[in-house]
Amino acid sequence: RGETYKLELIADLADGTISYYSHASFTDLCRGPHVEHTGKIGFFKLTTVAGAYWRGDEKRPQLQRIYGVAFDTKEALEAHLHMLEEAKKRDHRKLGKELGIYFFDDDIGPGLPLWLPRGAVIVEELEALAKKTEADAGYVRVRTPHICKEKLYETSGHLSHYKESMFPPMEFDGERYYLKPMNCPHHHKIFGSSLRSYRDLPIRMAEYGTCYRYEQSGELFGLMRVRSMQMNDAHIYCTLEQFEEEFLAVCRMYLGYFKIFGIEKYLMRFSTHAPEGLGKKYVDEPELWKKTEDMVERALVSGKVPYAKSANEAAFYGPKIDVQVWSVIGREFSLATNQVDFAVPKRFGLVYHTAEHGEQTPLCIHRAPLGTHERFIGFLLEHFAGNFPLWLSPVQVRVLTITEGQNEAARALEKRLKAAGLRADVNDTSHKVGYKIREAQGEKIPYMIVLGPKDVEAGTLAVRLRDGRQFMGVTEADFLAKVLPERDEKRLSPAWPQALA
RNA sequence: GCCGAGGUAGCUCAACGGUAGAGCAAUCGCUUCGUAAGCGAUAGGUUGUGGGUUCGAAUCCCAUCCUCGGCUCCA
């Protein structure tokens, strides 16, 4: 079989020049160079073995690929291996389990995560952020059902372009119903539910919609790749003239979010269709592709949005901007997406009345700046190593008593902290305070208040931050004056003096 | 879906053909202690599931489900 592959490579050689390398009795077709012996490689370690499709095509056989890493120095190799070990500690699956964020259950099914109470807190904080941001940006909110008749996806084109990623239909009342893999067709129906005038546009329609996609079993990966997901979705229906401004407003929304989450490494990937890609998508409308792609690129250039072009990765209905981010472990993810769609609104017969008494198909921008809760929270777990900023922390303050004598005061303090809107709890078990601190550190709780007899007597707080800093004799008013702005301004790090008080 | 590796107590792991075990967590006592593990006791498992081989299976074989490393695909 190896010979067949080598012959195929030879046939593809552009200039017909064949080179080969020999090592003892082994001769190999290779562009080269080869090394004489492994001593010349430097410091290396073979890391993993895996099947890989011949020439990356899943229709073709697999060969075994051996992976390894090599470095100039032993220290560099060891540093790399150490980094991999450290990275494992930040794995969102490990942290998700340790911190009680989510879990999977065999009776629920693969790729169907359940949010635990602490995960649900994060989900709801993110939703609140999105809803506020979108309300400020002039979005309206809608809500749509999770299933619909087959007809909808025939109209949208999903059945012909996306069927293998949809769950099989359920049949009843003589109809076939599908779980929705995306929210757009439902939103299109809402747009089409009443007469629209050019005066109504743009219409920015948002929903944290739950979608279901039948991802291949081998593609499932913790929270990053799941089969049920809640998407920070919205569709902006606008005129051609409004497109650039709307599109750039979405890009600016991304940048605003990156700042909030401290995401520094990202790439806006502009996915277009390769010329040959035109044939397999909407073959009848190649001019539409060209038109929307040009439009997007003009907007990117005029808005000075840095981007990288990537051919043949567009959605079936149009070009898109994917936001690629890298977790600290070095995994790359499409975290968010921004897609342009001329085609599907047309298929749905969506129109608005123009000033000239005519009818025009609106342009639709699909956007999901926070992607899905699943992937975004998976990413944030790795990004923050579980040390969520205060506003996202499931438990924000824990009160630790030193002896039973403080239990009453601790409960009273907890009550006041909760009244201030903080997520607070108390550990009044009979363990030593060192043990309680260890436990709270493990849960990555941002603030610990150690309450002993001296504190109760003085009426002040002994505050411990999760980075180990301690501040004695803090008044409750001072504590709230520091913590509440940290929460409300969604600060990434607490504003406390560096020196140990 | 494909190639490969794994599933043992809530968690992390041991036992690898001969009665399933440890640490942590849990529960109950004792302890009342000042910034990352106080002490003791108790309880907890049809070894993912279903078949098979064997006097005997967590251990070997087959099937299946799930997870992991990749491939392919993607928010």
Side-chain angles (χ1 to χ4, degrees), chain A residues 47-67 88 91 93-94 97-98 100 103-112 162 164-165 181-183 209 211 213-233 271 313 315 320 322-325 332-339 366-376 378-379 400-407 428-443 448-456 462-466 468-472 500:
Chain A
T47 50
T48 183
V49 185
Y53 292 106
W54 171 237
R55 299 201 143 177
D57 184 347
E58 69 170 321
K59 303 265 187 319
R60 310 191 66 174
Q62 286 189 322
L63 283 79
Q64 289 302 311
R65 184 181 288 171
I66 301 168
Y67 292 80
K88 272 190 201 159
D91 191 299
R93 292 164 299 188
K94 179 176 154 68
K97 185 182 277 184
E98 287 171 359
F103 81 109
F104 291 100
D105 184 276
D106 277 351
D107 290 342
I108 305 284
L112 304 171
Y162 202 76
E164 70 287 355
S165 295
M182 30 191 59
N183 305 300
C211 297
R213 297 184 184 177
Y214 182 66
E215 303 291 354
Q216 291 182 44
S217 60
E219 292 167 349
L220 299 176
F221 174 70
L223 278 181
M224 299 295 199
R225 201 64 184 281
V226 293
R227 286 177 170 169
S228 71
M229 67 208 86
Q230 295 167 73
M231 201 179 295
N232 171 225
D233 214 352
S271 299
E313 295 195 13
K320 62 176 178 176
D322 277 330
V323 180
Q324 303 299 114
V325 295
E332 180 189 355
F333 292 97
S334 293
L335 200 64
T337 189
N338 190 5
Q339 311 177 351
H366 306 241
R367 42 110 284 176
L370 296 177
T372 62
H373 281 319
E374 287 71 19
R375 186 171 288 180
F376 198 68
F379 172 79
L400 314 175
T401 55
I402 290 180
T403 74
E404 277 178 357
Q406 295 82 51
N407 288 2
D428 60 4
T429 58
S430 67
H431 287 287
K432 289 170 73 169
V433 72
Y435 181 88
K436 299 185 193 181
I437 285 169
R438 185 183 155 80
E439 221 172 35
Q441 289 283 157
E443 292 172 47
M448 284 155 260
I449 294 176
V450 176
L451 210 58
K454 293 177 208 164
D455 308 295
V456 173
V463 177
R464 181 191 165 99
L465 277 63
R466 72 182 153 200
R469 281 183 284 164
Q470 297 165 30
F471 301 91
M472 308 301 184
L500 217 65

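Throughout, protein chains are lettered first and strands after them, A, B, ... in sequence-line order, and every chain is numbered starting at 1.
With a 3.5 Å ceiling on both atom-pair distances, the Watson-Crick or G-U wobble partner of B:G4 is B:C68.
Nearest to the side-chain atoms of A:E219 among the listed nucleotides B:A75, B:A36, B:G1 stands B:G1. Nearest to the side chain of A:A462, among B:U35, B:G69, B:A36, sits B:U35.
Looking at heavy-atom distances under 4.0 Å, A:K97 makes contact with sugar-phosphate atoms alone, never a base. Counting non-hydrogen atoms under 4.0 angstrom, A:G434 reaches the backbone sugars and phosphates but no base. Heavy atoms of A:Y67 sit under 4.0 angstrom from primed sugar atoms or phosphate atoms, though from no base atom. The residue A:G56 sits close only to the backbone: its heavy atoms come under 4.0 Å of sugar-phosphate atoms, none of a base. Among the heavy atoms of the strands lying under 4.0 Å from A:A52 are primed sugar atoms or P, OP1, OP2 only; no base atom is included.
Atom name P, nucleotides B:G29 and B:G45: the rounded distance is 23 Å, in whole Å. Taking the C1' atoms as reference points, B:A20 lies 28 Å from B:C39, given to the whole Å. A distance of about 32 Å separates the P atoms of B:A57 and B:C2, rounded to the whole Å. B:U8 and B:G4 are spaced 22 Å apart, taking the C1' atom of each and rounding to whole Å. To the nearest whole angstrom, the two C1' atoms, one in B:A63 and one in B:U53, are 15 Å apart. For B:U12 and B:A37, the C1' atoms lie 16 Å apart once the distance is rounded to whole Å. The separation of B:U67 from B:U31, taken at their P atoms, amounts to 48 Å, rounded to a whole angstrom. Spacing of C1' atoms, B:C13 relative to B:G50, comes out at 27 Å, to the nearest Å.
At a cut-off of 3.5 angstrom, the base of B:C74 holds no donor-acceptor pair with the side chain of A:R213. Contact annotation: side chain of A:S430 to base of B:U31, donor-acceptor pair present below 3.5 Å.
No side-chain donor-acceptor contact under 3.5 Å links A:E443 to the backbone of A:A440.
Within the structure, a side-chain polar atom (N or O) of A:K320 is placed less than 4.0 Å from OP1 or OP2 of B:A75. Contact annotation: A:R60 side-chain N/O to B:G1 OP1/OP2 distance is not under 4.0 Å.
Under the 4.0 Å criterion applied to side-chain N and carboxylate O atoms, A:D91 and A:R93 are assigned as salt-bridge partners.
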